[in-house]
Amino acid sequence: MKKNFTRYLITSALPYANGPIHIGHLAGVYVPSDIYVRYLRQRGKEVISICGSDEHGVPITLKARQEGVTPQNIVDRYHEVNKKAFQEFGITFDIYSRTSNKIHYETASEFFKILYEKGIFIEKTTRQYFDEEANAFLADRYITGTCPHCGNGNAYGDQCEQCGSSLSPQELIDPVSTISGNKPVLKETTHWYLPLDRYEKWLRKWILEDHKEWKPNVFGQCKSWLDQGLQPRAVSRDLDWGVPVPVEGAEGKVLYVWFDAPIGYISATKELTGKWEKYWKDESTRMIHFIGKDNIVFHCIIFPCMLKAEGSYILPDNIPANEFLNLENEKISTSRNWAVWLHEYLEDFPGKQDVLRYVLCANAPESKDNDFTWNDFQNRNNNELVAILGNFVNRTIVLTHNYFKGCVPEISDLLKTDSEVLDEIRNIASRVTDSLENFRFREAVKLTMDLARLGNKYLADTEPWKLIKTDEARVKTILNISLQITANLSILMDPFLPFSMEKLRNFISFNEISWDLLGSHELLKAGHQIHNAGLLFEKIEDEQIRAQKDKLLITRKNHLKEEPVKEQKPEISFEDFSKMDMRTATIIHAEKVPKTKKLIKMQVDTGMDKRTIVSGIAEYYDPASLIGRKVCVLTNLAARKIKGIESQGMILLSENPDGTLHFVTPADEAVNGAEIN
RNA sequence: GGCGAGGUAGCUCAGCUGGUUAGAGCGCAUGAUUCAUAAUCAUGAGGUCGGCGGUUCAACCCCGCCUCUCGCUACCA
């Protein structure tokens, strides 16, 4: 299936414009994509790199409402922050566009229209709750009402947080719109669906047979989706923020964000160049999507179906999705502020873009989730960038200045060791090339560092500082070769460490970066004058690392405190309250319910009886530690079957903003069966 | 529960379609060295390749079962 491609279209997942960029995004998507793009440019390939902000969707409207500003306001803010951060970090998109642009509205609209006119979509009319005062259909979580199962008066349209049952809005008794507080009415609404199921056969062949070379995590995920069977998927929804559905009578409807976002790649290309069609519609273009694993289904299944349905577009040739990056052993979480934010890193470590690029690449989550730790960051900087690479370059340049006044000396006779080293430059370069071609970026960056290691070893083996006293000609050869290694490094490492390599090329007054030059033994001609060396990298001290770790812990602690406390529920009468029969009780037996993640089955002594209660606390409590524990129990809650076990009541637990559960514990003096009033 | 991806030296990870003594970097120990940001170079110690069973002349790599982690999903909460 090797095709002859003559140009490249590289896309990087459009960051969602409701927050800043963190190291997880970088390691998963933008660092690999930028390395690849820079590499292609150095090879002289025709390539464009596309990215931009994804600015539609419900979360942005929610955030806007929370802050009392317009959605446009929110996306303007993050678009600027992220665009600037990417640029400063050296991510070289040819364009960083945005989906609130006019050109995107036109492109997305046009795309929809073509599919619409081809009769691709299925049209379905359903009844949804509508708020007449706000004049808007209500998303599930904008509706509250009484839970039909447990009677909780404050259940949401999608689920009841009290009894945990998942609901649909129509099941709620006495639904209320949280926007206006009014009672919503059921109203018919029509939406369009992309019948993914009709493309299943085609997808199976295209992915499972024609693209076996995709990464295992990507291929496996696709297979999983295909085996589960695809469903038609709504491409429109009732919302006032997004690209309007370009069909008569579709007022108040916009394209679903998953539909318009990938089209953003197309509109960004249009914005970049009038010749956009040769990138999107010419079979000799190789399109590659860089994404994180959360985006696999959209880029491997849905977007290709859209392109296929439209008919005139090419399909992606590869989608090297990465897994996730953890931070200090915990999942990165925006809401818990457990992240290293790019814009903050750039402030805290000015001029150290390459250090982060290097660490994130060397430890990228290519085949499985990986961990970023500040200790590792420090170690890699100090032991690899400073000690191996920076040191080798510095030794070479200093020696050249000490012995030959900064003038590149000439080669005389080559010994076997010299030839072997020169051969090894070529060898490493070709292996780096191979790794990059196959999206193995961590392997690639490791190999480039091997070239610097080779340089250090060469110097240690040949010891020019000793020979200078007896054999100057030999020293000339040695330093010439060391300088050739240095010049080769400045090309080979440029995709990974662009800032430092530019600096290095200034040290040696060299400004070629063409990949074709790699392996050459004459990048620096004898007689060429080089500049003095500065430091390529500097050590990072423990103090800085400690500060970063402290910062993480502090922001997290503050975040927990500042997490807004949930609003009080609507008033109830004393009568309502007195309906509830709550007692103190003691757990007398507890065991994990087999084959579940969270469930523990308990026997509790309520004073009145001994009964079974099933509770979802296994993630926070060990069954053995529960026995003998005093708890509060809602005893007259209707029994409910959970995993085939009848749960007779509910144990009261408090839930922290981070989701952890904690028992509400009665004082020691309370006896079993004591009423709680 | 179903599906997917992982579980390889103290740590972070490589190991292509099964084939002789399982690799790298860091860390650790010992030695060499001083041109270099006390950096470098060499040598060494460390693994029953998650567990059990099977296929095979031969398995880290194939098959089955079990177990742990992550993700998606489900009549999970």
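Sequence lines set the chain letters: A, B, ... in the order given, protein chains first and strands last, and positions in each chain run from 1.
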Parallel, tilted or perpendicular, as decided by the 30° and 60° cut-offs, for the rings of [Y] and [X]:
X: Trp374(A); Y: Phe349(A); result: parallel
X: Trp206(A); Y: His211(A); result: perpendicular
X: Trp258(A); Y: Phe298(A); result: parallel

Item to check | Nearest-nucleotide comparison on RNA chain B, the residue closer to the 5′ end among Gly390(A) and Glu463(A) | outcome: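 Residue closer to the 5' terminus by nearest nucleotide: Glu463(A).
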Checklist entry - Given that Val386(A) and Leu454(A) both sit by RNA chain B, which one's nearest nucleotide is further toward the 5' end? => result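 On the 5' side of the pair lies Val386(A).
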Scan every strand shown for a Watson-Crick or G-U wobble partner of [N], both distances under 3.5 Å, and answer none if you come up empty.
N: C41(B); answer: G31(B)
N: G47(B); answer: none
N: G4(B); answer: C70(B)
N: A77(B); answer: none
N: A58(B); answer: none
N: G10(B); answer: C26(B)
N: C52(B); answer: G64(B)

In whole angstrom, give me the gap between the [atom1] atoms of [N] and [M].
N: U43(B); M: G25(B); atom1: P; result: 10 Å
N: A14(B); M: G53(B); atom1: P; result: 28 Å
N: G50(B); M: C60(B); atom1: C1'; result: 12 Å
N: A9(B); M: A24(B); atom1: C1'; result: 11 Å
N: G7(B); M: G15(B); atom1: C1'; result: 15 Å
N: G46(B); M: A22(B); atom1: C1'; result: 13 Å
N: A39(B); M: A45(B); atom1: C1'; result: 25 Å
N: C62(B); M: A32(B); atom1: P; result: 47 Å

Could you check whether [X] gets within reach of a base, just the sugar-phosphate, or nothing at all, counting any heavy atom under 4.0 Å?
X: Lys539(A); answer: base
X: Asp376(A); answer: nothing
X: Glu323(A); answer: nothing
X: Thr373(A); answer: nothing
X: Leu467(A); answer: nothing
X: Lys223(A); answer: nothing
X: Arg440(A); answer: nothing
X: Phe537(A); answer: base

Checklist entry - More than 12 non-hydrogen atoms from neighbouring residues, nucleotides or ligands closer than 6.0 Å to CD on Glu538(A), yes or no? => result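 No, because the 6.0 Å sphere around CD of Glu538(A) holds 12 heavy atoms or fewer from other groups.
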With the side chain of [X] defined as its heavy atoms from C-beta on, choose the nearest nucleotide among [options].
X: Arg453(A); options: C35(B), U40(B), C26(B); result: C26(B)
X: Trp225(A); options: C72(B), A39(B), C41(B); result: C72(B)
X: Arg380(A); options: U37(B), U40(B), U12(B); result: U12(B)

Measure from [atom1] on [X] to [atom2] on [N] and round the result to the nearest Å.
X: Leu389(A); N: C26(B); atom1: CG; atom2: C1'; answer: 17 Å
X: Asn456(A); N: A42(B); atom1: CG; atom2: P; answer: 10 Å
X: Lys457(A); N: A36(B); atom1: NZ; atom2: C1'; answer: 18 Å
X: Asn381(A); N: A39(B); atom1: CG; atom2: P; answer: 12 Å
X: Phe219(A); N: A5(B); atom1: CZ; atom2: P; answer: 10 Å
X: Ile468(A); N: A36(B); atom1: CD1; atom2: P; answer: 14 Å
X: Asn383(A); N: U12(B); atom1: CG; atom2: P; answer: 16 Å
X: Ile388(A); N: A24(B); atom1: CD1; atom2: C1'; answer: 13 Å

Please determine whether a side-chain nitrogen or oxygen atom of [X] lies at a distance below 4.0 Å from atom OP1 or OP2 of [N].
X: Asn394(A); N: A39(B); result: no
X: Ser482(A); N: C35(B); result: no
X: Lys368(A); N: G7(B); result: no

Measure from the side-chain N and O atoms of [X] to the backbone N and O of [Y], and report whether any donor-acceptor pair falls under 3.5 Å.
X: Asp54(A); Y: Pro15(A); result: no
X: Arg546(A); Y: Glu541(A); result: no
X: Lys215(A); Y: Ala321(A); result: yes
X: Thr462(A); Y: Tyr458(A); result: yes

Checklist entry - Charged N to carboxylate O under 4.0 angstrom, Arg474(A) versus Asp418(A)? => result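 Asp418(A) and Arg474(A): salt-bridged.
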Checklist entry - So does Asp434(A) pair up with Arg440(A), basic N to acidic O under 4.0 Å? => result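 The answer is yes: the pair qualifies as a salt bridge.
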Checklist entry - Within 45° of the axis and under 6.0 Å from the centre of the six-membered ring of Phe324(A), does NZ or CZ of Lys293(A) qualify? => result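 Positive - Lys293(A) is close enough to the ring of Phe324(A) and near enough to its axis.
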Checklist entry - Since syn is defined as within 90° of 0, does G64(B) count as syn or as anti? => result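 Chi for G64(B) falls in the anti range.
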Item to check | For RNA chain B, the residues among residues 396-410 of chain A that have a non-hydrogen atom under 4.0 Å from it | outcome: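 Correct list: Val398(A), Leu399(A).
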